[in-house]
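Take this structure, written in structure tokens, and hold onto it; I'll ask about it next.
We use all heavy atoms of the structure for the numbers below, so side chains are in, but hydrogens, waters and symmetry mates are not. Heads up: numbering here begins at 1 and tracks the sequence. As the structure is a computational prediction, the values presented were derived from the model and not from experiment.
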Amino acid sequence: MFPRGALTTMVAAVFLLGTAARAQGAKRWRRVERSVSLSAGTGESVQRLRLAPRVVTTVLFDSEVIPEVADPEALRGLFTRVELGTDHLVLKPAVALPDKGVPPLVVRFADADAPRRVVLELTTDAEEVDTVVEVLRHPASAERLEEELAALKAQCAALEARLASARRPVSQEGLAGAILSGAIGRQSVAWKWVDIEPADQGVKALWLDAYRSGEWVALGMELENREGESSWVPGVARLTRLDPEGRETDVVLEVPLHMREARLRPGQRARAVVQWREEGTPAAYSLEVMDTARRQGVRWARVEP
């Protein structure tokens, strides 16, 4: 025999559980029919596809497609129906899809038009379900294709420059490198000490020497980074040709600044060299040695190598 009131409590509990189960099983998602437009030239398109348990979702494509499923079995374990046609996709989930762990469904278009693929992220929304989704592609305009072509040309130019730099032979050190490059030949090497005081901007120049051998000119210097400054990374040297009155002209030459060290740390000293091939008669220059950011360096108002 049950205690007084126990049977009534049990019946109420069973009734509440049954009501909750019926409410959960009777959950209704708002069904949505929509279309998706894929624009060419925007890269790979990723679209969110909202699915619900025991609800059929149909995706229609405007051209023939080829599905690319990384793990078909992983999807079939979640669906009671998976139909991959030449121009449509039918999905019927058995359960609500988890937030993580469901692989996306990649669909590749059979023709050569852009975009080439669409990635469908499968998920379950709390309120809505996609019952019919129409996927349409829009051809790219001439302006859009011209922009893509210009971007690809710029990328190719950058890659060609990197390839040329990688193929460039490593320079030899010492006299061997100077002889191989032609900087030293049968002509003698002339040396000159530059006594013009520089204007320091972040780093300090301790001395500057000029060397000339034939048409080759080199400037050797010793630089010092001050204590408390950030590391100084060598960049370029800008040489501006001066006219006979000592005024700067429009003839500007920028050459790399060579240094054994990759950077000057605070308080560190290092030698640096600038070299170039001079055409025509020797000239005077204003010289500015800059870091990679072109903000800090040393400047000489007049240098006559």
When you group the ILVMFWY residues by side-chain heavy-atom contacts below 4.5 Å and let the links chain together, are Val102 and Trp29 in the same group? no

Side-chain H-bond candidate by donor/acceptor type, Glu121 with Thr123, under 3.5 Å: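 Checked: Glu121/Thr123 side chains show no N/O donor-acceptor pair below 3.5 Å.
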
List for me each residue that meets side chain to side chain donor-acceptor pair (under 3.5 Å) alongside Asp62, sequence neighbours excluded, and say none if there are none.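 For Asp62, no residue satisfies side chain to side chain donor-acceptor pair (under 3.5 Å) once neighbours in sequence are set aside.
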
Run the salt-bridge test on Arg238 and Glu254 with the 4.0 Å N-O cut-off and return the result as yes or no. yes

Tell me, with the steps shown, if Ile66 and Val107 meet side chain to side chain contact (heavy atoms under 4.5 Å, CB included). CA-CA 6 Å; Ile66 302 174; Val107 177; over 6 Å; no

Looking at CZ of Arg108 and CZ of Arg117, how far apart are the two atoms once the value is rounded to the nearest 0.5 Å?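 Answer for the CZ-CZ pair, Arg108 versus Arg117, is 8.5 Å.
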
Check whether any side-chain heavy atom of Gln275 lies under 4.5 Å from a side-chain heavy atom of Val217, and answer yes or no. no

Identify, with sequence neighbours excluded, every residue that meets side chain to side chain contact (heavy atoms under 4.5 Å, CB included) alongside Ala151. none

Any donor and acceptor pair, going by atom type alone, linking the side chain of Thr124 with main-chain N or O of Leu97 inside 3.5 Å?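 Looks like yes, one N/O pair under 3.5 Å.
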
Inter-residue atom distance Phe61.CZ - Glu134.CD, 0.5 Å rounding: 11.0 Å

For Leu223 and Ala272 the tightest heavy-atom approach is CD1-CB, 4.2 Å

Any side-chain heavy atom of Arg212 sitting closer than 4.5 Å to one from Pro282? yes

Non-neighbouring partners of Val303 that pass side chain to side chain contact (heavy atoms under 4.5 Å, CB included), sequence neighbours left out: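 Only Val194, Leu208, Leu219, Leu287, Trp300, Pro305 meet the side chain to side chain contact (heavy atoms under 4.5 Å, CB included) criterion with Val303.
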
Enter the distance from Asp209:CG to Glu222:CD here, rounded to the nearest 0.5 Å. 10.5 Å

For side chain to side chain contact (heavy atoms under 4.5 Å, CB included), just list the numbers for His88 and Glu83, CA-CA rounded to whole Å, side-chain angles, deciding distance to a tenth of an Å, and then say yes or no. CA-CA 8 Å; His88 68 278; Glu83 181 181 332; 2.9 Å; yes

Around atom CZ of Arg34, are there more than 12 heavy atoms of other residues, nucleotides or ligands at under 6.0 Å?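 Check passes, neighbour count above 12.
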
Can Trp207 and Arg271 be said to form a side chain to side chain contact (heavy atoms under 4.5 Å, CB included), step by step? CA-CA 10 Å; Trp207 51 261; Arg271 291 189 177 186; 3.8 Å; yes

For the hydrophobic clusters of this structure (ILVMFWY residues joined by side-chain heavy atoms under 4.5 Å, transitively), does one cluster hold both Val32 and Leu49?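 No, Val32 and Leu49 fall in different hydrophobic clusters.
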
Is there a side-chain contact between Leu120 and Val133 (heavy atoms, below 4.5 Å)? no

Smallest separation among heavy atoms of Val298 and Ala205, with atom names: CG1-CB, 3.8 Å

Among Asp125, Leu122, Val36, which one satisfies side chain to side chain contact (heavy atoms under 4.5 Å, CB included) with Arg48?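 Of the listed residues Asp125, Leu122, Val36, the side chain to side chain contact (heavy atoms under 4.5 Å, CB included) partner of Arg48 is Asp125.
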
Going only through I, L, V, M, F, W and Y residues with side-chain contacts under 4.5 Å, is there a path from Val273 to Met221? no

Heavy-atom check, side chain of Thr57 versus side chain of Thr131, under 4.5 Å: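 Answer no - side chains too far apart.
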
To the nearest 0.5 Å, how far apart are NZ in Lys92 and OG1 in Thr80? 5.0 Å

For Leu105 and Leu89, what are the C-alpha separation, side-chain angles and deciding distance, and is it a side chain to side chain contact (heavy atoms under 4.5 Å, CB included)? CA-CA 10 Å; Leu105 185 60; Leu89 168 67; 3.2 Å; yes

Tell me which pairs pass ring-ring contact (aromatic ring centres under 6.0 Å, His included) where either residue lies in residues 91-124, with sequence neighbours left out.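 Listed once each, the pairs would be none.
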
Distance-minimising heavy-atom pair for Glu278 and Ala283: OE2-N, 3.6 Å

In one Ile/Leu/Val/Met/Phe/Trp/Tyr side-chain cluster, 4.5 Å: Phe79, Leu84: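 Yes, it is one cluster - the side chains of Phe79 and Leu84 are joined through contacts under 4.5 Å.
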
I'd like to check the side chain to side chain contact (heavy atoms under 4.5 Å, CB included) partners of Ala301; sequence neighbours left out, ordered by chain and number. Arg299

Here the pair of heavy atoms bringing Pro115 nearest to Leu38 is CG-CB, 3.8 Å

Would you indicate whether the side-chain heavy atoms of Leu78 and Val95 approach each other to under 4.5 Å?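 The answer is yes, as the side chains (C-beta and beyond) meet within the 4.5 Å cut-off.
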
Do Met259 and Leu257 belong to the same hydrophobic cluster, where Ile, Leu, Val, Met, Phe, Trp and Tyr are linked whenever their side-chain heavy atoms lie under 4.5 Å apart, directly or via other members?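 Same hydrophobic cluster.
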
What's the separation between atom OG in Ser45 and atom CZ in Arg116, rounded to the nearest 0.5 Å? 14.5 Å

CD on Glu64 to OG1 on Thr86, rounded to 0.5 Å: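 Here the rounded value is 5.5 Å.
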
How about Asp111 and Arg137: do any of their side-chain heavy atoms sit closer than 4.5 Å?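 Yes. Closest side-chain heavy atoms under 4.5 Å.
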
Residues which pass side chain to side chain contact (heavy atoms under 4.5 Å, CB included) with Val255, listed by chain and number, not counting sequence neighbours: Ala237, Leu239, Leu253, Val274, Trp276

For Ser230 against Asn225, the heavy-atom pair lying closest together: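 Heavy atoms of Ser230 and Asn225 come nearest at O-ND2, 2.9 Å.
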
Could you tell me if the side chain of Leu264 sits less than 4.5 Å from the side chain of Glu229, heavy atoms only?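 They are not in contact (no side-chain heavy atoms under 4.5 Å apart), so the answer is no.
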
Which heavy atom of Leu242 sits nearest to which heavy atom of Glu248, and what is that distance? CD2-CG, 3.6 Å

